[in-house]
Amino acid sequence: MTGRTIADRFDVVAERHSLKSLFWQRNRDGHEIREDDLWILAVDRRTGERVRVLERARENFWQWAGDMWTEAVAHHVVAAASPHTVPILHVGPGVVFREPPPPGRPQLSPAEAAACALAACEVLSGLHAIGCGGEYPRRRDGSVAFDMPMPIDFGPHNLRLTRESGEWRIAWLVPSHCDLAFIDEPKYDYDSPPIARDLARLAGFYLALVPPAPGQPAVVDALRRLADGEPICHSVAELARLLLALVPDRDAWAPRVAALPVIDVLPAPVLDWDRVIAAGEEKLPTLVPRQHDYVAQPLAVAYHRRASDRAALAPADASRDVDRALELDPIAPYHITRAVLLDRLGRRADARAAVDLVLAEPDASATPADDDYDAIHLVDRRAFVLDDRERARAHATRGAIALRDGDLDRAEHDLRRALALDPTAAHAHALAAVLYACGDIDAAASLEARAVELEPTNARYHWDLAVSLHRLGRREEALVHARRADELEPRDPTCRARQVRLFGGS
């Protein structure tokens, strides 16, 4: 016994070994790496059953952000209560799993393998919805830890199978144990997006379960091409529809497949920022200077994300969060957010000064330098430069302030620059508002049409285009967009009222 207890419930009986030390032993004397060496092994006091604990060594300060994300994924798994994941008994610090079935990949019938792959689709689609996906470690890109998706592993040590009541089922370790992935020796493809990699690996999971045989359905060939990296489909929901052709009980699976969310781009991670911030602030005072940035930088990201969530309803609280983010990591994007919030609080002069400070920084001309430690990448703030997207956000903020101040020339200059740097619907719409105020209705309508093209489900863009078209005498076109705005926001009474005011009873 080690004498350590987790959550007053789990008695630790064996601590884990680092993967690095195990590799060293293997290279020195041929010591085989065993799965048990990579887990903290414990016993549940309530049941007497063995459990496994996924927890990094406390001295691994550089992985604090990854630990926060791991625990966030674990909370998602607990809430989802999926029968396809290994049950989680405790979260934070660390993750305690019930004893999983042994690793291995049996040979199954095509129907059994398809059912297991469809179950994996159900788990994976939920993970993609919260920004969890891809492989470990991430490609070197200079981003801090919160911008790295929590990896998912499909190898036999993480994605396991078990036979219950005569049926094969999956028992997936989520969040994945990344050290176990190294035992399985995964192949990384850093040039494809996380979702594309996950789809290829999930197709490979099905193919590993089914022995090759002549006369297999055409969909199996499509899965082979997908596993080889061909973009046969772009979301888990699409892949599930392919697999549906391989199960005999199609009617039972069809509603479940139809319910899967269609996610073709991994969203930003969804975390409980209050919990992350509390943990980070508690951790900071325990660190020496060389360790500080490994917690301070991702903690600043957490404050910035919470500020973004609070901006609309509580700008004063959001402003305080951004101020703290800047204390921790004074990089330009946080200054821009601060300017946006100052403007929202009516402090236009301060907001303009904050933007001017940002735009005095040099243009992005090279990849920012970073410190590289165990796959966590920290941007060197001394070398941080604005990329086009952030510079566009700064120009758009200053342009909006100028528009409200009535300085239309300055507003047009900044918003044209924003649109050139980052041609989004929001920038096109903002520049259209300036040109409309200048009396150039033709140019305004053209930009509003562009905004609608870029973001066709935004009711406000349709409505503003309708107003400009009506001013130009193009009544029928205007009516189409006014009606579309009404369709997009049927519960907004102002939409219908504006339509009646502009078009009468049409």
Side-chain angles (χ1 to χ4, degrees), residues 35 77 80-88 97-128 133 152-174 176-177 180-181 183-187 195 197-230 232-233 235-261:
E35 179 187 345
V77 172
S82 170
H84 311 310
T85 54
V86 177
I88 292 174
F97 290 98
R98 185 171 292 162
E99 181 73 10
R105 287 286 159 85
Q107 295 289 282
L108 308 182
S109 71
E112 290 173 325
C116 288
L118 281 169
C121 284
E122 289 188 315
V123 176
L124 188 58
S125 63
L127 294 170
H128 282 175
I152 305 172
D153 187 70
F154 292 72
H157 280 87
N158 274 299
L159 179 46
R160 309 184 183 212
L161 283 90
T162 182
R163 193 172 179 86
E164 296 179 6
S165 304
E167 293 186 4
W168 284 100
R169 304 168 65 93
I170 65 168
W172 207 343
L173 282 167
V174 183
S176 292
H177 190 324
L180 293 179
I183 295 181
D184 294 329
E185 298 181 353
K187 296 178 180 179
I195 286 181
R197 278 178 270 160
D198 286 347
L199 295 176
R201 293 186 297 160
L202 187 47
F205 167 68
Y206 169 83
L207 296 171
L209 299 176
V210 181
Q216 291 183 321
V219 68
V220 176
D221 180 61
L223 292 173
R224 285 198 189 95
R225 288 154 50 206
L226 180 61
D228 289 337
E230 189 174 335
I232 300 296
C233 51
S235 70
V236 175
E238 284 185 71
L239 175 54
R241 287 196 289 272
L242 280 179
L243 291 165
L244 199 55
L246 298 173
V247 290
D249 51 343
R250 209 166 302 170
D251 291 342
W253 274 104
R256 294 163 67 175
V257 169
L260 296 179

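We number each residue from 1, following the sequence as shown. It should be emphasised that the depicted structure is a prediction, and the values quoted were computed from it without experimental measurement.
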Original post:
Going by heavy atoms in the side chains, are Pro156 and Asp184 under 4.5 Å from each other?
Top reply: yes
Subject >> Qualifying residues under salt bridge (Lys or Arg N to Asp or Glu O under 4.0 Å), relative to Asp228, sequence neighbours excluded >> reply: none
Original post:
Do Asp153 and Leu180 come close enough that some side-chain heavy atom pair is under 4.5 Å?
Top reply: no
**OP:** If a pair satisfies side chain to side chain donor-acceptor pair (under 3.5 Å) and one of its residues is in residues 207-216, list it, with sequence neighbours excluded.
**Re:** Gln216-Arg224
Subject >> Shortest non-hydrogen separation from Val174 to Phe97 and the atoms involved >> reply: O-CE2, 3.7 Å
Subject >> By side chain to side chain contact (heavy atoms under 4.5 Å, CB included) - contacts of Gln107 (at least two apart) >> reply: Pro211
**OP:** Using side chain to side chain contact (heavy atoms under 4.5 Å, CB included) as the criterion, list what pairs up with Val219, not counting sequence neighbours.
**Re:** Pro217, Leu242, Leu246
Original post:
Would you say Val236 and Ile195 make side-chain contact, with heavy atoms under 4.5 Å?
Top reply: no
Subject >> Residue pair Trp172 / Val77, side-chain heavy-atom distance below 4.5 Å >> reply: no
Subject >> salt bridge (charged side-chain N to carboxylate O under 4.0 Å, His left out) pairs, two or more places apart, involving residues 156-169 >> reply: Glu35-Arg160, Glu164-Arg169
Original post:
Which residues pass the side-chain hydrogen bond (donor to acceptor under 3.5 Å, both in side chains) test with His177, sequence neighbours left out?
Top reply: none
**OP:** Kindly indicate whether the side chain of Phe205, heavy atoms from C-beta on, has any atom under 4.5 Å from the side chain of Ile170.
**Re:** yes
Original post:
Considering residues at least two apart in sequence or located in another chain, which fulfil the side chain to side chain contact (heavy atoms under 4.5 Å, CB included) criterion with Ala237?
Top reply: Ser235, Arg241, Leu260, Val262
**OP:** State which residues pass side chain to side chain contact (heavy atoms under 4.5 Å, CB included) with Pro87; sequence neighbours excluded, sorted by chain then number.
**Re:** Arg98
Original post:
By ring-ring contact (aromatic ring centres under 6.0 Å, His included), which residues pair with Tyr206, not counting sequence neighbours?
Top reply: none
**OP:** Hey, could you give me each pair passing salt bridge (charged side-chain N to carboxylate O under 4.0 Å, His left out) that has a residue in residues 244-258? Not counting sequence neighbours.
**Re:** Glu122-Arg256
Original post:
Side-chain contact, heavy-atom cut-off 4.5 Å: Asn158 with Ile152?
Top reply: no
Mind listing the side-chain donor-acceptor pairs of residues 108-121 below 3.5 Å, one per line with the distance, residues two or more places apart or on another chain?
unit_1 : atom_1 : unit_2 : atom_2 : d
Ser109 : OG     : Glu112 : N      : 3.1
Ser109 : OG     : Glu112 : OE1    : 3.3
Glu112 : OE1    : Ser109 : N      : 3.1

**OP:** Search all heavy atoms of Ser82 against all heavy atoms of Val123 and return the closest pair with its distance.
**Re:** OG-CG2, 3.9 Å
**OP:** Return the minimal non-hydrogen interatomic distance between Ile232 and Ala222, and the atom names on each side.
**Re:** CG1-O, 3.6 Å
**OP:** Grab the two heavy atoms, one from Phe154 and one from Arg105, that are nearest each other, plus how far apart they are.
**Re:** O-NH2, 2.8 Å
Original post:
To the nearest 0.5 Å, how far apart are CG in Leu199 and SG in Cys233?
Top reply: 5.0 Å
Original post:
Shortest non-hydrogen contact from Ala227 to Gly204?
Top reply: CB-N, 3.9 Å
Original post:
Nearest heavy-atom pair of Leu244 and Val247: which atoms, and what distance?
Top reply: O-CG2, 3.3 Å
